Amino acid sequence: MYDDTGSGTRPEPAMTALLWAGALGCWAFIAVFTVDGWTRPGYRPVRHPVSALALGPRGWIQTADFVLCGLAVAAGAVALAGALGSTVLAVAVGVFGAALVLSGVFPMDPMRGYPPGAPDGTPAEFSARHKMHDRAGALVFTALPAAAVIAAIALPEPGWKAYSGLTAVLATAGFFAFGRSWEKDGPRTGLLQRATIIVGWLWLGLLFLYAAR
């Protein structure tokens with residue numbers, strides 16, 4: 001947390017552990033979908049979204065990735081309020097973590113050629129679970145840029161203000177670019193989503209470590 005001069009003090013050991021869990025959860029999420037995506041038969045990382053990895057025989061890997069990352073981020077958010085002096089920032093990060101968990105609980109529908117054997121196009125109607133997944137995903141990609149905006153305002157260091165503001169801009173632009181590509185089933189939909197995730201999740205992981213210092 002911060003004293004009256006704005007200098008940081010190290011959180012209690014238990015809070016530090018939660019912050020580290022949040023950081024590791026963010027980076028493990030990226031590592032898992034990268035390795036699993038490139039080694040999954042029939043899966044095309046440049047075209048298919050990360051969520052499609054929750055389908056098929058190995059779908060449990062990405063489902064666990066969503067849930068465990070979300071829980072780790074939510075746990076880290078508990079420690080952020082005290083460590084960085086911003087309850088609003090902690091709440092935004094906590095919402096992001098909860099939305100990740102919901103993304104794992106409610107998987108998307110098979111489509112666009114994945115899993116192998118699924119129709120190559122987009123279904124005319126989506127299942128209830130897919131609609132829930134879409135709502136959770138929208139919350140994920142809204143809460144994270146919101147958290148970055150809050151951090152740009154709340155954090156005292158100019159470098160972190162600039163980094164957080166840049167992350168908010170890039171994550172928002174990436175979300176809209178991914179959304180447009182998804183609607184058109186663009187050939188680089190998965191690539192756009194991955195770039196957006198890496199920008200946002202990397203920033204959040206570093207924010208957790210900054211809070212734990």
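Quick caveat: nothing in here was measured; it's all calculated off a predicted structure.
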Using the test side-chain hydrogen bond (donor to acceptor under 3.5 Å, both in side chains), find all partners of [X] that sit at least two apart in sequence or belong to another chain.
X: T87; result: none
X: S103; result: none
X: T167; result: none
X: H48; result: none

Sub-4.5 Å side-chain heavy-atom contact between [X] and [Y]:
X: D65; Y: L53; value: no
X: F96; Y: T142; value: no
X: W160; Y: L206; value: yes
X: L84; Y: Y210; value: yes

Discussion item. Once rounded to the nearest 0.5 Å, what's the spacing between atom OH of Y163 and atom CG of L202?
Written reply: 4.0 Å
Response to the item:
residues 124-133 vs salt bridge (Lys or Arg N to Asp or Glu O under 4.0 Å), sequence neighbours excluded, gives D109-R129
Worksheet item: So which pairs with a foot in residues 187-211 pass salt bridge (Lys or Arg N to Asp or Glu O under 4.0 Å), sequence neighbours left out?
Response: none
Any residue meeting side-chain contact (heavy atoms from CB on, under 4.5 Å) with [X], in chain and number order, not counting sequence neighbours:
X: I61; value: V32, D36, R58
X: I153; value: V149
X: S86; value: V88, L89, I150, A154

Response to the item:
Nearest heavy-atom approach of F208 to G22 is CD1-C, 3.3 Å
Discussion item. Starting from F106 and following side-chain heavy-atom contacts under 4.5 Å between hydrophobic residues (I, L, V, M, F, W, Y), which residues can be reached?
Written reply: V67, L71, V101, L102, V105, M132
Fill in: Remaining members of the apolar cluster that contains W38, side-chain heavy atoms under 4.5 Å
none
Worksheet entry | Side chains of R47 and Y114, donor plus acceptor under 3.5 Å | no
Item to complete: Could you state whether I198 and F178 fall into the same hydrophobic cluster, counting links through intermediate Ile, Leu, Val, Met, Phe, Trp or Tyr residues with side-chain heavy atoms under 4.5 angstrom apart?
Response: yes
Worksheet item: Does one hydrophobic cluster hold both F66 and L55, with members joined at side-chain heavy-atom distances below 4.5 Å?
Response: yes
Worksheet entry | Residue pairs passing the side-chain hydrogen bond (donor to acceptor under 3.5 Å, both in side chains) test where at least one lies in residues 196-205, sequence neighbours excluded | S164-W203
Discussion item. As a quick check of understanding, evaluate side chain to side chain contact (heavy atoms under 4.5 Å, CB included) for F29 and V73, giving each step before the final call.
Written reply: CA-CA 11 Å; F29 184 84; V73 167; over 6 Å; no
Worksheet item: Would you call the rings of H130 and H133 parallel, tilted or perpendicular, where under 30° means parallel and over 60° means perpendicular?
Response: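 The rings of H130 and H133 sit tilted, inter-plane angle from 30° to 60°.
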